[in-house]
Visitor: 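I have a structure here, written as structure tokens, and I will follow up with some questions on it.
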Amino acid sequence: MSRVLIVGAGLTGSLCACLLRRELQSKVQIVVWDKARGAGGRMSTSRPPDVSSHSVDLGAQYITATPAYAQSHHSFYSELLSAGVLQPLSCQIEGLRQQDDSKNYMTPLGMGSVVKHFLSESGEHFLSESGADLFFEHHVTALYRRGASWEVEKKAGGSETFDAVVLTMPVAQILQLQGDVGQLLSVQQKQQLDGVVYSSRFAVALFFSPDAAFSFSWGARYVSDSRCICYIAVDSRKRNKDSPGLGPSLVVHTSVPFGLEHLERDKEDVQPIILQELHRLLPGLPEPISTKCHKWRYSQVLTSVPDCPGHMIVLDQPLLVCGGDAFCHSNFDGCVESALSMLSALKASL
């Protein structure tokens with residue numbers, strides 16, 4: 001039985017694990033490592049510091065199904081809709097520029113539920129208390145080729161051996177890996193990876209008490225008259241979910257220029273600037289009981305690998321393959337397309 005490591009428990013990694021289990025169930029042992037304390041990546045849902053408030057999506061806000069993939073990805077949307085993970089987005093969104101024939105979906109339990117769904121479909125041990133195959137706070141720092149296997153080192157110390165390795169973290173983090181990866185990349189591959197560009201932004205969540213009331217009716221709003229803030233959403237309204245006894249939560253995303261300008265500053269120093277602008281945009285906003293600021297250094301892919309191949313094979317035997325939205329498009333369909341292409345590479349190698 002081949003032992004496969006998937007680095008990254010975001011959308012691409014979780015979907016790749018799910019597809020690999022479904023296609024090669026008896027031939028592989030799948031292990032997923034993520035350096036964070038939970039699954040989701042840029043589709044993670046943040047719990048409130050106080051249980052009296054609603055949870056909030058700090059990253060991706062909703063899923064847009066694009067016409068180009070309407071047929072080829074239909075089964076994935078049908079699965080998530082049937083499981084209740086996705087529902088049509090029905091709240092009022094001010095300033096939304098809707099593309100023709102595209103469909104928007106929200107997640108009643110938060111965006112992280114999409115990733116957790118695919119992880120739960122990846123094997124009976126995933127997301128179990130034993131954590132037999134899914135490990136958090138496992139930060140990969142180096143990969144070494146050892147004959148027909150890969151030795152993978154962790155930041156906390158120690159290493160494990162795998163027959164194949166799938167890297168789904170941001171490209172910049174792939175290029176920072178120590179060991180043999182840099183030597184195995186061709187000159188062309190290095191140029192392609194160096195050319196990948198991400199946007200950066202800050203996200204601030206505000207958690208309110210159950211008696212808090214907002215004076216506006218929209219569920220989300222794209223802001224056009226601010227250099228600092230580009231998007232605001234009320235998570236409970238966005239999810240069309242009335243939770244008695246829970247206070248609302250508000251999430252604010254900064255613009256790309258603002259994120260780039262303040263990228264190297266501590267988020268604690270940037271948060272007051274964002275909140276000051278928020279109160280200018282929404283005067284009379286109630287006082288939150290708590291706030292949380294997150295810096296997305298790798299928010300969305302602005303420039304992907306040329307021709308959007310879906311994946312990049314660094315070495316055939318033992319297989320080392322890279323994937324994610326940087327190799328396709330920075331949306332749900334792009335991650336699905338990348339996972340499907342990596343599945344083909346894994347099936348051919350294992």
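Just so it is clear, the model here is predicted, and its values are computed rather than measured.
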Visitor: Any chain of hydrophobic side-chain contacts (each under 4.5 Å) joining V140 to Y298?
Guide: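 Linked within one cluster.
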Visitor: In terms of heavy-atom contacts, does NE2 of H74 have more than 12 from other residues, nucleotides or ligands at under 6.0 Å?
Guide: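 At most 12 heavy atoms, drawn from other residues, nucleotides or ligands, come within 6.0 Å of this atom.
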Visitor: Would you say the side-chain atoms of S299 pair up with the backbone N or O of S200, donor to acceptor, closer than 3.5 Å?
Guide: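 Checking the backbone N and O of S200 against the side chain of S299, no donor-acceptor pair under 3.5 Å is found.
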Visitor: For the residue pair G245 and P210, what are the closest heavy atoms and their distance?
Guide: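 Answer, listing the atom of G245 first, then P210: O-CG, 3.4 Å.
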Visitor: Which heavy atom in F207 sits nearest to a heavy atom in R47, and how many Å separate them?
Guide: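 Here F207 and R47 meet closest at CZ-O, 4.2 Å.
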Visitor: Closest approach of A39 and S44, non-hydrogen atoms and distance?
Guide: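 Heavy atoms only, the tightest pair is O-CB, 4.0 Å.
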Visitor: With D57, which of K238, R42, K292 fulfils salt bridge (Lys or Arg N to Asp or Glu O under 4.0 Å)?
Guide: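 With D57 as partner, salt bridge (Lys or Arg N to Asp or Glu O under 4.0 Å) holds for just one option, K238.
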Visitor: Are any side-chain N or O atoms of T45 and backbone N or O atoms of M111, one a donor and one an acceptor, separated by less than 3.5 Å?
Guide: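 Here the side-chain-to-backbone pair exists.
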Visitor: Could you pull out the closest heavy-atom pair between L206 and P288, with the gap in Å?
Guide: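 Answer, listing the atom of L206 first, then P288: CD2-CG, 3.9 Å.
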Visitor: Determine whether V85 and L15 fall in the same hydrophobic cluster, where Ile, Leu, Val, Met, Phe, Trp and Tyr are linked whenever their side-chain heavy atoms lie under 4.5 Å apart.
Guide: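 Same cluster.
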Visitor: Looking only at heavy atoms, which two atoms of V196 and S304 are closest? And how far apart?
Guide: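 So the minimum-distance heavy-atom pair works out to CG2-C, 4.3 Å.
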Visitor: Taking atom NE2 of H138 and atom CG of D34, what is their separation to the nearest 0.5 Å?
Guide: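 Reported to 0.5 Å precision, the distance equals 11.0 Å.
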Visitor: If you take the centroid of each ring, where Trp contributes its six-membered ring, are F76 and F332 closer together than 6.0 Å?
Guide: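 Not under 6.0 Å, so no.
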Visitor: Are T66 and H329 packed together at the side-chain level, in the sense that at least one heavy-atom pair is separated by less than 4.5 angstrom?
Guide: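 A side-chain contact is absent here, since even the closest heavy-atom pair is not under 4.5 Å.
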Visitor: Once you round to the nearest 0.5 Å, how far does CD1 of I229 lie from CZ of R221?
Guide: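 That separation rounds to 9.5 Å.
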Visitor: Is the number of heavy atoms from other residues, nucleotides or ligands under 6.0 Å of D269 CG greater than 12?
Guide: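 Yes - once you tally the heavy atoms of other residues, nucleotides and ligands closer than 6.0 Å, there are more than 12.
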Visitor: If two hydrophobic side chains count as joined below 4.5 Å and joins carry through other members, does I63 share a cluster with F118?
Guide: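 Yes, because I63 and F118 connect within a single hydrophobic cluster, where side-chain heavy atoms sit under 4.5 Å apart.
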Visitor: Students often mix this up, so state it plainly: with edges at 30° and 60°, are the rings of H253 and Y231 parallel, tilted or perpendicular?
Guide: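 Geometry flag for Y231 against H253: tilted rings.
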Visitor: Would you say that Q92 contacts W218 through its side chain, given a criterion of any heavy-atom pair below 4.5 Å between the two side chains?
Guide: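 SC-SC contact between Q92 and W218 confirmed.
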Visitor: I'd like to know if the side chain of S330 pairs up with that of Q300 as donor and acceptor (distance under 3.5 Å, no hydrogens or angles considered).
Guide: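 On atom types as modelled, these side chains do not qualify, holding no pair under 3.5 Å.
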Visitor: Do Y105 side-chain atoms and L81 backbone N/O form a donor-acceptor pair below 3.5 Å?
Guide: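 Judged by distance alone, no pair lies under 3.5 Å.
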Visitor: Quick one: do K295 and E268 make a salt bridge, cutoff under 4.0 Å?
Guide: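 A salt bridge is absent here (no side-chain N lies under 4.0 Å from a carboxylate O).
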Visitor: Name the one of I174, V314, D180 that satisfies side-chain contact (heavy atoms from CB on, under 4.5 Å) with L185?
Guide: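 One option only clears the test, and that one is V314.
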Visitor: Between L86 and T107, does the side-chain contact (heavy atoms from CB on, under 4.5 Å) criterion hold? Intermediate values first, please.
Guide: CA-CA 5 Å; L86 289 186; T107 50; 3.6 Å; yes
Visitor: Among V7, I6, T168, D133, which residue meets the side-chain contact (heavy atoms from CB on, under 4.5 Å) test with V32?
Guide: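 The single option meeting the side-chain contact (heavy atoms from CB on, under 4.5 Å) with V32 is I6.
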Visitor: Could you tell me if the side chain of K35 sits less than 4.5 Å from the side chain of Q173, heavy atoms only?
Guide: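 Yes. Closest side-chain heavy atoms under 4.5 Å.
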Visitor: Here's a test for you: under ring-ring contact (aromatic ring centres under 6.0 Å, His included), which of W150, W33, Y144 qualifies with F162?
Guide: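 Considering W150, W33, Y144, a ring-ring contact (aromatic ring centres under 6.0 Å, His included) with F162 is found only for W33.
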Visitor: Could you tell me whether a side-chain N or O of R3 sits under 3.5 Å from a main-chain N or O of D163, the two making a donor and an acceptor?
Guide: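 Checked: no pair found.
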Visitor: Any non-hydrogen side-chain atom of D225 less than 4.5 Å from a side-chain atom of L281?
Guide: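 The answer is yes, as the side chains (C-beta and beyond) meet within the 4.5 Å cut-off.
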Visitor: side-chain contact (heavy atoms from CB on, under 4.5 Å), that's the test. Do N331 and Y69 meet it? Break it down for me.
Guide: CA-CA 12 Å; N331 54 23; Y69 295 101; 5.8 Å; no
Visitor: Report whether L184 and L143 are members of the same hydrophobic cluster (ILVMFWY, side-chain heavy atoms less than 4.5 Å apart, transitive linking).
Guide: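 In one cluster with L184: L143, yes.
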Visitor: Once you round to the nearest 0.5 Å, how far does CD of Q191 lie from CD of Q189?
Guide: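 If we round to the nearest 0.5 Å, Q191:CD and Q189:CD are 11.0 Å apart.
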Visitor: So, E121 and R22, do they make that salt bridge, N to O below 4.0 Å?
Guide: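 Salt bridge between E121 and R22, a charged N being under 4.0 Å from a carboxylate O: yes.
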Visitor: Run the side-chain contact (heavy atoms from CB on, under 4.5 Å) test on L193 and M312 for me, step by step, so that the C-alpha distance in whole Å, both residues' side-chain angles and the decisive distance to 0.1 Å come before the verdict.
Guide: CA-CA 10 Å; L193 295 180; M312 177 182 289; 3.9 Å; yes
Visitor: Using every non-hydrogen atom in the two residues, find where G38 and F136 come nearest and quote the distance to one decimal.
Guide: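 Taking G38 first and F136 second, the nearest heavy atoms are C-CE2, 3.3 Å.
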Visitor: Between S120 and K116 (side chain of the first, backbone of the second, donor and acceptor by atom type, cut-off under 3.5 Å), is there such a pair?
Guide: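 Side chain of S120 to backbone of K116: a pair is present.
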Visitor: Heavy atoms, side chains only, cut-off 4.5 Å: are V321 and F327 in contact?
Guide: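 No; the side chains remain at least 4.5 Å from each other.
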Visitor: Taking the side chain as every heavy atom from C-beta outward, state whether V234 and F216 have any pair of such atoms under 4.5 Å apart.
Guide: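 Heavy-atom side-chain distance check passes, below 4.5 Å.
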Visitor: Among R146, E151, K154, find the one that has a side-chain hydrogen bond (donor to acceptor under 3.5 Å, both in side chains) with S159.
Guide: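 Per the side-chain hydrogen bond (donor to acceptor under 3.5 Å, both in side chains) rule, the option paired with S159 is E151, out of R146, E151, K154.
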Visitor: Would you find a donor on one side and an acceptor on the other, under 3.5 Å apart, between the side chain of S82 and the backbone of S78?
Guide: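 A pair under 3.5 Å: yes.
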Visitor: What is the distance from atom OG1 of T254 to atom CG of L278, rounded to the nearest 0.5 Å?
Guide: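 Rounded to the nearest 0.5 Å, the OG1-CG separation comes to 12.5 Å.
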Visitor: S55 vs R239, test: side-chain hydrogen bond (donor to acceptor under 3.5 Å, both in side chains). Steps then yes/no.
Guide: CA-CA 11 Å; S55 64; R239 302 183 201 175; 3.1 Å; yes
Visitor: If you measure from SG on C91 to NZ on K241, what distance do you get to the nearest 0.5 Å?
Guide: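 NZ of K241 is found 15.0 Å from SG of C91.
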Visitor: Start with the C-alpha distance between V251 and S46, add both sets of side-chain angles, then the distance that settles side-chain contact (heavy atoms from CB on, under 4.5 Å), and finish with yes or no.
Guide: CA-CA 11 Å; V251 64; S46 182; over 6 Å; no
Visitor: Donor-acceptor pair, S14 side chain versus L11 backbone, under 3.5 Å?
Guide: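 Checked: pair present.
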Visitor: State, without any angle test, whether D333 and H73 hold a side-chain donor-acceptor pair at a distance under 3.5 Å.
Guide: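 Yes, because at least one side-chain N or O of D333 sits under 3.5 Å from a partner of the opposite role on H73.
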Visitor: Got a donor-acceptor contact below 3.5 angstrom from the R145 side chain to the Q317 backbone?
Guide: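 A pair under 3.5 Å: yes.
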Visitor: Only one of L246, D50, I289 clears side-chain contact (heavy atoms from CB on, under 4.5 Å) with S209; which?
Guide: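 Going through the options one by one, the only one that passes is I289.
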Visitor: Would you mind reporting whether S102 and P67 have side-chain heavy atoms less than 4.5 Å apart?
Guide: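 Yes. Closest side-chain heavy atoms under 4.5 Å.
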Visitor: How many angstroms lie between atom CD1 of I30 and atom CG of L134, to the nearest 0.5 angstrom?
Guide: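 I30 CD1 to L134 CG: 11.5 Å, rounded to 0.5 Å.
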Visitor: Count I, L, V, M, F, W, Y as connected when their side-chain heavy atoms are under 4.5 Å apart, and connections chain through other members. Are F202 and V256 then in the same cluster?
Guide: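 Different clusters.
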Visitor: Side chains of L285 and F214, heavy atoms from C-beta outward: is any pair under 4.5 Å?
Guide: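 L285 reaches F214 side chain to side chain.
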